[in-house]
Each structure stands twice: as C-alpha cells, then as structure tokens.
Protein chains: 2
Amino acid sequence: MSRPRAFDETAALDAATDHFWRHGYTATSVRDLGQAMGLGPASLYNAFGDKHALFTQCLDRYLDGSMRERIRRLEAGLPPRAAIEAFLEEIVARSLADPRGCMLVNSAVEVAPHDPGVGAVVAGRLRELEGFFARCAAAGQAAGTISRAHPAEDLGRLFLTTVMGLRVLSRARPEAALLQGAARQALALLDTPEREH
Amino acid sequence: MSRPRAFDETAALDAATDHFWRHGYTATSVRDLGQAMGLGPASLYNAFGDKHALFTQCLDRYLDGSMRERIRRLEAGLPPRAAIEAFLEEIVARSLADPRGCMLVNSAVEVAPHDPGVGAVVAGRLRELEGFFARCAAAGQAAGTISRAHPAEDLGRLFLTTVMGLRVLSRARPEAALLQGAARQALALLDTPEREH
DNA sequence: GACATTATGGAGCGGACGCTACATAACCCC
DNA sequence: GGGGTTATGTAGCGTCCGCTCCATAATGTC
C-alpha cells in the first residue's frame with residue numbers, strides 16, 4: 001500500500017539513545033541525531049516525532065533494557081539477599097566500565113525538573129527500583145538470610161539512594177575503592193546483629 | 001585611573017549562579033545570564049570572561065558557600081556523631097525545600113564528564129566531603145559515640161554516596177518519607193552492635 | 001580641563017538551532 | 001502498469017547561539 005521504511009527502527013533508536021545518553025538532552029541536536037541514526041530530518045520527524053518525543057522513546061527503551069531487565073533477571077534467578085548483592089555489584093561494575101553513566105540519573109537531574117512527563121516516568125521507575133529492593137529485603141528477612149534489625153522499607157529506600165549515589169560518583173570519581181567501599185558498607189546493613197530483648 | 005564598575009560583582013555572580021543552578025550549563029544562554037545579572041554582553045565578557053569561565057566562578061562560589069560552609073560549621077560546632085547526623089538532616093531538609101537540587105550533583109552529571117577542569121573541581125570537592133564524613137566517623141569511634149563495627153573509611157564512602165543519592169532522588173521524588181527513611185537507615189550504621197569475639 | 005584607561009550599550013557577526021515544505025521515489029494493490 | 005500512500009533528500013524557514021566590535025561614557029591623574 002505504501003513505501004516501506006528503509007532503515008531499522010530499533011537500530012536507529014539505539015543510536016539516538018546512545019547520543020542522548022552520552023551528551024544529555026539539551027546538548028544533543030536534531031542534526032546530531034539524524035547523523036547518528038543515518039536519517040534525514042524528514043525521515044526522523046516522520047518516524048519518531050519531534051526531539052522530545054524521540055527522547056522519551058529512547059528513555060523508555062533504555063530503562064526497559066537495563067533497569068527492568070536487571071530487576072527481572074535477578075529477582076527471578078537469585079534468592080533475595082543474593083539479588084540485592086548482585087544488583088549493587090552490577091551497578092559498581094557498570095559504573096567502572098561505562099563512562100556514559102546512568103541515563104536515568106542523567107534524566108532525573110537534567111530533564112525531569114523541567115518536564116512533568118519525563119518527571120513522572122523517572123519517578124515511576126525509581127519507585128520500581130525501590131520496590132525491588134524492599135521486596136528482596138522483606139523476603140530475605142522472612143527467609144532468615146537478612147537481619148531483621150531494620151525495616152525492609154528503609155532498606156529499600158537506602159539501597160535506592162545508594163544506587164543513585166554510586167551512579168553520580170562514578171561520573172567524577174570512577175574509582176573502584178570508592179564505589180566498592182560504599183556498596184560494601186550499604187550491604188553491611190543486611191548483617192546487623194539483632195539486639196536481644 | 002579608569003571608569004569604575006557600575007554593578008555589584010557578587011550580586012551579579014549570585015544571579016548567574018542561580019540561573020546555572022536552575023537550568024544547567026547548556027540550557028543557560030549568555031543572553032539569559034546578562035538579563036539576570038543586569039549586564040550587557042560587553043560588561044559580562046569584560047568582567048567575567050566567557051560563559052565557561054563564568055560558570056566555573058559560579059560553581060566555586062556555590063561550593064564555598066554551601067558545602068564547605070556546612071562542613072566547617074558542623075565540624076567546628078558539634079561532636080563528630082552529631083555533625084554527621086546534622087549534615088544528613090540539613091541535606092534532607094534542603095532537598096525537600098529547594099527545587100533547584102544540588103549544583104554539585106548537576107555539575108557532576110552534566111558538565112564534569114565533558115570538561116576536565118570542572119571534573120577536577122567536582123572530584124576534589126567530593127573528596128573533601130568524603131574526608132569530612134570519614135574524619136567524623138573515626139573521631140566518633142575514638143570517642144565511643146559511634147560503633148566500631150565498620151571501618152571509618154567505608155562509612156565515609158557510604159555517607160558521601162548517600163548524600164549524592166538523596167540529591168538525585170529529590171529531583172524526581174521530593175518525598176519526606178523517602179529521603180528521611182534513607183537517611184535514617186544510613187545513620188543506623190553508626191549504631192551497629194559489635195559482635196563479641 | 002586634557003589625557004589615559006576602563007566600563008558600557010547596541011549593533012551585528014557567522015553559524016547552529018528545531019522544524020517544515022515540497023518535489024520525488026519506492027512500495028502494495030488492483 | 002496505473003493509482004494511492006508513505007518514505008526520503010534537499011532546501012530553507014525564522015530564531016537563537018556565543019561572542020565581538022565600536023562608539024561613547026565615566027572615572028583618576030596631572
């Protein structure tokens with residue numbers, strides 16, 4: 001019925017995501033995106049809408065492929081305490097290996113405060129991550145592998161905060177001793193001896 | 001000898017800082033800055049150099065007036081454990097009250113990765129903050145007000161990470177329960193019962 | 001008051017910005 | 001192979017970007 005697209009949509013989105021990820025929203029121009037995606041402006045606007053709409057598609061794809069994938073994989077494949085430990089380990093390893101940092105953090109800082117739509121997406125994903133940690137903490141406490149000294153809700157809040165902090169620190173101080181030390185110290189909360197009563 | 005400046009340099013720098021703080025480096029134009037500072041472009045460039053030089057002056061002033069001021073005040077006026085607690089409390093209160101977030105975090109995420117000069121400044125200030133927490137932790141342990149269950153270096157690393165994380169979370173989820181819960185949980189590390197041996 | 005020096009306002013440089021219009025090309029359906 | 005429909009390349013819209021030039025103004029020195 002009509003002429004088909006001459007490019008791979010997912011490859012184009014991946015290229016756009018990489019560009020937003022590296023340079024942020026404002027510092028990325030539509031011309032940059034078109035070049036990275038191998039598209040002229042007409043094709044870009046026809047397929048993905050304007051710059052803002054393209055960014056939200058990239059952010060959604062990024063979050064599905066990184067954060068949600070990790071939550072699903074670890075929660076399904078590991079016991080709760082190990083899932084928490086593995087999450088932090090992966091975050092540290094990624095922070096040390098990938099200079100692009102975390103697109104969720106980048107968006108929370110650069111875009112979310114000025115963009116209610118992106119702000120809602122970011123807030124929702126942060127709640128998902130907090131929920132993962134809180135669920136694992138509660139399950140580990142029920143299974144006896146995690147100390148009951150602290151409420152699971154607060155553990156979830158602190159692990160979420162720790163992940164965000166690690167991702168920020170890695171942009172200016174990508175040092176293994178720093179990131180591993182912080183993660184180790186957060187995980188120590190899982191072993192707090194319980195006071196006798 | 002020559003015509004004097006017709007504007008207050010510190011007030012102009014404060015106005016520029018506020019603009020960079022709210023909108024970030026890239027999204028702030030020199031015209032915006034000139035309008036906020038009450039200066040024409042000629043005066044602005046003559047007094048402060050180009051946009052990048054002005055930004056670094058704003059960032060330095062901001063850090064001296066917020067982070068360094070807080071470290072100095074708390075470390076001089078409070079015992080070590082209380083200094084740590086007060087720092088986190090102030091960060092939470094400020095995060096809930098001021099929608100601009102933390103300019104150090106903003107700069108670490110937006111500017112530092114693409115700018116070695118700013119990156120060095122940010123890394124240095126992060127080290128100062130880590131040092132404050134580590135010093136307080138060690139002093140508190142020596143005074144007996146902080147548990148010796150964890151090494152002071154790791155406590156410093158985690159508190160630094162926690163502050164960074166709180167500052168990120170507050171941009172998308174400025175919720176008292178979340179930020180206070182995370183801070184409370186981090187501070188619980190100061191009370192870890194020591195295992196008998 | 002003439003002079004040297006710095007500050008200021010305004011005009012404007014070349015280029016990049018996000019985005020659009022339009023003619024043409026490539027496909028499916030019949 | 002014509003017709004309908006969508007995709008694509010190019011040219012270019014109006015605006016804003018960082019920054020500079022230049023004529024003029026305001027000061028201290030003598």
Side-chain angles (χ1 to χ4, degrees), chain A residues 1-59 106-107 110-118, chain B residues 1-59 106-107 110-118:
Chain A
M1 200 65 162
S2 68
R3 174 175 174 177
R5 297 242 163 97
F7 62 92
D8 179 351
E9 294 192 32
T10 69
L13 275 177
D14 286 343
T17 302
D18 180 71
H19 222 281
F20 280 127
W21 194 352
R22 286 182 192 279
H23 301 100
Y25 180 77
T26 308
T28 294
S29 75
V30 176
R31 280 169 180 80
D32 293 337
L33 291 167
Q35 192 156 5
M37 301 164 85
L39 299 181
S43 296
L44 196 159
Y45 279 87
N46 177 61
F48 302 107
D50 64 9
K51 181 186 176 184
H52 183 267
L54 174 57
F55 176 77
T56 64
Q57 295 170 67
C58 290
L59 181 58
N106 301 353
S107 302
E110 189 203 350
V111 187
H114 312 287
D115 186 318
V118 171
Chain B
M1 201 64 160
S2 68
R3 174 174 174 178
R5 297 243 164 96
F7 62 93
D8 180 351
E9 295 193 31
T10 69
L13 275 178
D14 286 343
T17 301
D18 181 71
H19 221 281
F20 279 128
W21 193 352
R22 287 182 192 279
H23 302 98
Y25 179 78
T26 308
T28 294
S29 75
V30 176
R31 280 169 180 80
D32 294 336
L33 291 167
Q35 191 155 6
M37 302 164 83
L39 299 182
S43 297
L44 196 159
Y45 278 87
N46 178 59
F48 302 108
D50 63 9
K51 181 186 176 184
H52 183 267
L54 174 57
F55 176 78
T56 64
Q57 295 169 66
C58 290
L59 181 59
N106 301 354
S107 302
E110 190 203 349
V111 187
H114 311 287
D115 185 320
V118 172

Whole angstrom value for the distance that separates C1' of C/dG9 from CD of B/Q35: 15 Å
Here the distance between atom C1' of C/dA7 and atom CE of B/M37, to the nearest Å, is 14 Å
Just how far, in rounded Å, is P of C/dA7 from CG of B/D8? 15 Å
Geometric cation-pi criterion, A/K51 with A/F20: 6.0 Å, 45°: no
Whole-Å distance separating the CZ atom of B/F7 from the P atom of D/dA25: 20 Å
Interatomic distance, NE2@B/H52 vs CD@B/Q57, rounded to 0.5 Å, equals 11.0 Å
From A/T26 OG1 over to A/H114 NE2, what is the distance, rounded to the nearest 0.5 angstrom? 8.0 Å
Apply the side chain to side chain contact (heavy atoms under 4.5 Å, CB included) test between B/V111 and each candidate in B/N106, B/V118, B/T56; give the one that qualifies. B/V118
Taking NE2 from B/H23 and P from D/dC17, how many angstroms apart are they, rounded to a whole number? 12 Å
Which part of the nucleic acid does A/T28 contact within heavy-atom distance under 4.0 Å: base, sugar-phosphate only, or nothing? sugar-phosphate
Length of the line joining A/D50:CG and C/dC17:C1', which is rounded to integer Å: 14 Å
Does CD belonging to B/E9 count more than 12 external heavy atoms closer than 6.0 Å? yes
Which nucleotide in the set D/dA7, C/dT20, D/dT20 lies at the smallest distance from any side-chain heavy atom of A/R5? D/dA7
Does A/R3 get its side chain close enough to the base of C/dA26, under 3.5 Å, for a donor-acceptor pair? no
Rounded distance (Å) that lies between atom P of D/dT20 and atom CG of B/L44: 12 Å
When you get a sec, tell me which of C/dC19, C/dG9, D/dA7 is the closest nucleotide to the side chain of B/S43? C/dG9
Phosphate OP1/OP2 of D/dC17 contacted by B/S29 side-chain N/O (<4.0 Å): yes
Look at the side chain of B/V30 and decide which nucleotide, out of D/dC19, D/dT8, D/dT6, has an atom nearest to it. D/dC19
Check the distance between D/dG18's C1' and B/D32's CG and give it to me in whole angstrom. 12 Å
For the side chain of A/P41, starting at C-beta, report the closest nucleotide among C/dT5, D/dG18, D/dA11. D/dA11
Of the listed D/dT8, D/dC19, C/dC17, the closest approach to the B/Y45 side chain comes from D/dC19
Counting heavy atoms from C-beta on, name the nucleotide in C/dC27, D/dC17, C/dC17 closest to the side chain of A/R31. C/dC17
Classify A/A6 by what it touches in the nucleic acid, base, sugar-phosphate, or nothing, heavy-atom distance under 4.0 Å. sugar-phosphate
